[in-house]
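Contents: one structure, followed by commentary.
Numbers here simply count residues along the sequence, with the first being 1.
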Amino acid sequence: ILKLACCSVPLKGKQAVATAVVTLCFLLSSAISEYWVVRDVLFLALGAYRVPFRKILTVYLVVLGPALLITMGAALTGKIENLIYYQGDRRARISFGIGYPTDFAAYLFFGAVIYCCWRRTTLHWWEIAGIEGLAVFSWYFCDARNNAGCLALVGLGTAVLKVWALCTKR
């Protein structure tokens with residue numbers, strides 16, 4: 001598999017040396033740490049060589065969106081376990097079918113960031129409001145404060161960029 005991934009695209013000069021060094025580093029890291037996931041990341045990186053970044057983002061969104069909605073719906077209807085954590089004086093933390101509420105909120109965060117990268121500068125105000133809504137949702141239902149803050153900052157950052165683009169357009 002590694003040979004096929006490395007030889008599927010002809011590399012010349014510096015690219016071949018850089019690819020060989022990175023592959024060697026990944027394989028040594030995997031051998032020393034005994035984590036197979038390091039090899040998986042290597043295969044993904046080699047397989048994604050010369051694939052347009054926008055296509056990778058599109059596949060991520062097409063997979064993440066429905067999977068998250070289906071998991072959330074199954075958890076809320078009782079088809080799968082919906083873990084709820086009670087931690088002292090804090091609110092109940094709902095995981096919506098994912099192992100832990102912070103993990104669910106992280107999926108929301110990365111989905112929002114990928115969506116912003118995918119849409120680039122063409123985000124509408126209602127999309128920015130949706131990102132802020134995800135921040136409130138993450139804060140209130142998952143009590144994932146860090147993820148909620150990061151989502152709020154992503155929404156604020158995209159709003160600032162949108163205003164900046166409108167001001168410099170004139």
Side-chain angles (χ1 to χ4, degrees), residues 22 26 29-30 33-49 51-169:
V22 168
F26 269 88
S29 174
S30 175
S33 68
E34 297 180 2
Y35 287 121
W36 284 89
V37 73
V38 177
R39 292 182 190 155
D40 294 343
V41 171
L42 172 66
F43 293 143
L44 284 173
L46 292 175
Y49 182 68
V51 174
F53 187 61
R54 192 157 172 84
K55 282 187 180 182
I56 295 171
L57 296 180
T58 304
V59 169
Y60 185 85
L61 285 173
V62 166
V63 170
L64 177 72
L68 207 54
L69 289 174
I70 289 169
T71 303
M72 200 172 159
L76 292 175
T77 58
K79 302 292 182 194
I80 61 174
E81 190 68 33
N82 187 14
L83 299 174
I84 301 175
Y85 296 90
Y86 299 97
Q87 297 179 339
D89 59 341
R90 291 172 61 183
R91 292 187 293 268
R93 305 181 73 199
I94 306 171
S95 65
F96 295 102
I98 307 296
Y100 200 69
T102 305
D103 295 342
F104 176 77
Y107 283 121
L108 293 179
F109 170 71
F110 286 116
V113 170
I114 295 296
Y115 184 76
C116 290
C117 291
W118 185 68
R119 291 280 290 159
R120 296 187 184 145
T121 58
T122 60
L123 281 170
H124 297 288
W125 287 110
W126 61 270
E127 292 169 311
I128 296 170
I131 293 170
E132 295 298 334
L134 285 176
V136 171
F137 179 85
S138 174
W139 177 276
Y140 186 75
F141 289 106
C142 300
D143 200 26
R145 297 166 293 187
N146 191 21
N147 286 326
C150 289
L151 276 166
L153 285 174
V154 167
L156 180 66
T158 54
V160 167
L161 287 174
K162 186 158 185 75
V163 169
W164 181 271
L166 292 173
C167 290
T168 57
K169 191 183 260 188

Would you compute the distance between atom [atom1] of [X] and atom [atom2] of [Y] and round it to the nearest 0.5 angstrom?
| X | Y | atom1 | atom2 | value |
| --- | --- | --- | --- | --- |
| Cys150 | Leu134 | SG | CG | 13.5 Å |
| Leu108 | Phe141 | CG | CZ | 12.0 Å |
| Cys117 | Phe53 | SG | CZ | 5.5 Å |
| Phe110 | Asn147 | CZ | CG | 8.0 Å |
| Arg145 | Asp143 | CZ | CG | 5.5 Å |
| Leu64 | Leu69 | CG | CG | 8.5 Å |

Can you establish whether the number of heavy atoms outside [X] located under 6.0 Å from its atom [atom1] is more than 12?
| X | atom1 | value |
| --- | --- | --- |
| Tyr60 | OH | yes |
| Trp125 | CH2 | yes |
| Gln87 | CD | yes |
| Tyr100 | OH | yes |

Could you pull out the closest heavy-atom pair between [X] and [Y], with the gap in Å?
| X | Y | answer |
| --- | --- | --- |
| Leu61 | Gly111 | CD2-O, 3.9 Å |
| Cys142 | Arg93 | O-NE, 2.9 Å |
| Tyr140 | Arg91 | O-NE, 3.3 Å |
| Ser138 | Leu151 | CB-CD1, 4.1 Å |
| Ala152 | Ala135 | N-CB, 3.7 Å |
| Thr58 | Trp118 | OG1-NE1, 2.9 Å |

**Residues that Glu127 engages under side chain to side chain contact (heavy atoms under 4.5 Å, CB included), provided they are two or more places apart** = Tyr115, Arg119, Leu123, His124

**Request:** Check for a donor-acceptor pair, side chain of Ser30 on one end and backbone N or O of Phe26 on the other, with a separation under 3.5 Å.
**Result:** no

What donor-acceptor contacts under 3.5 angstrom involve side-chain atoms of residues 78-85, with partners at least two apart or in another chain?
| residue | atom | partner | partner atom | Å |
| --- | --- | --- | --- | --- |
| Asn82 | OD1 | Phe96 | N | 2.8 |
| Tyr85 | OH | Gly99 | O | 2.9 |

**Message:** The criterion is salt bridge (Lys or Arg N to Asp or Glu O under 4.0 Å); which residues satisfy it with Arg39, sequence neighbours excluded?
**Reply:** none

**Item:** 4.5 Å side-chain heavy-atom contact, Thr102 and Asn146
**Value:** no

**Message:** Apply side-chain contact (heavy atoms from CB on, under 4.5 Å) to residues Val51 and Ile56 and explain how you reach the verdict.
**Reply:** CA-CA 7 Å; Val51 174; Ile56 295 171; 3.9 Å; yes

